[in-house]
Amino acid sequence: VDPDSLGAVPIGVPLIVGPGVLTTSMISVGEYGFIFTGSALLANILLAGIVFFFAPGINRLLGKSGSKTVSKLASLFIAAIAVMMIRKGIMLMIKG
């Protein structure tokens with residue numbers, strides 16, 4: 001087992017189908033309707049499936065350092081999204 005990738009599965013799985021996805025889906029259905037939200041969900045599932053299917057080739061193409069770089073960038077984007085969601089929640093609480 002590669003100790004560098006030990007936490008990849010527990011962190012990755014909730015991001016794909018976790019409570020954040022369910023909450024965002026429920027909010028999106030109320031705001032944009034079922035057709036647009038369902039289409040977006042299907043597109044994201046298809047995109048994730050394609051990436052997973054081609055993951056070994058992408059990993060070979062990027063190499064170890066490229067994979068770590070992409071991983072760090074993805075982590076930065078996820079952290080930025082988390083900060084944005086927390087900020088929006090606090091602003092909604094303040095507005096009452």
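Atom set for the values below is all heavy atoms of this structure, side chains included, hydrogens, waters and symmetry mates excluded.
Linking Ile, Leu, Val, Met, Phe, Trp and Tyr residues whenever their side-chain heavy atoms come within less than 4.5 Å leaves I45 and F53 in two separate clusters.
The nearest pair of heavy atoms linking L62 to V70 is CD1-CG2, 3.9 Å. Taking both residues in full, the closest heavy atoms of V21 and L41 are given as CG1-CD2, 4.4 Å, listed atom of the first, atom of the second, then distance.
Proximity of M85 to I81: side-chain heavy atoms (C-beta onward) are separated by under 4.5 Å at one or more points.
For the atom pair I58 CD1 and F52 CZ, the distance stands at 10.5 Å (nearest 0.5 Å). To the nearest 0.5 Å, the span separating CG on L92 from CZ on R87 amounts to 10.0 Å. M26 contributes atom CE, which lies 12.0 Å from atom OG1 of T37 (distance to the nearest 0.5 angstrom).
Applying the side-chain hydrogen bond (donor to acceptor under 3.5 Å, both in side chains) test to every pair with at least one member in residues 18-29, sequence neighbours left out, gives no pairs at all.
In this structure a side-chain-to-backbone donor-acceptor pair under 3.5 Å is missing from S71 to S67.
A 6.0 Å sphere centred on CE of M84 holds more than 12 heavy atoms belonging to other residues, nucleotides or ligands. For CG of L76, the number of neighbouring non-hydrogen atoms (other residues, nucleotides, ligands) closer than 6.0 Å is greater than 12.
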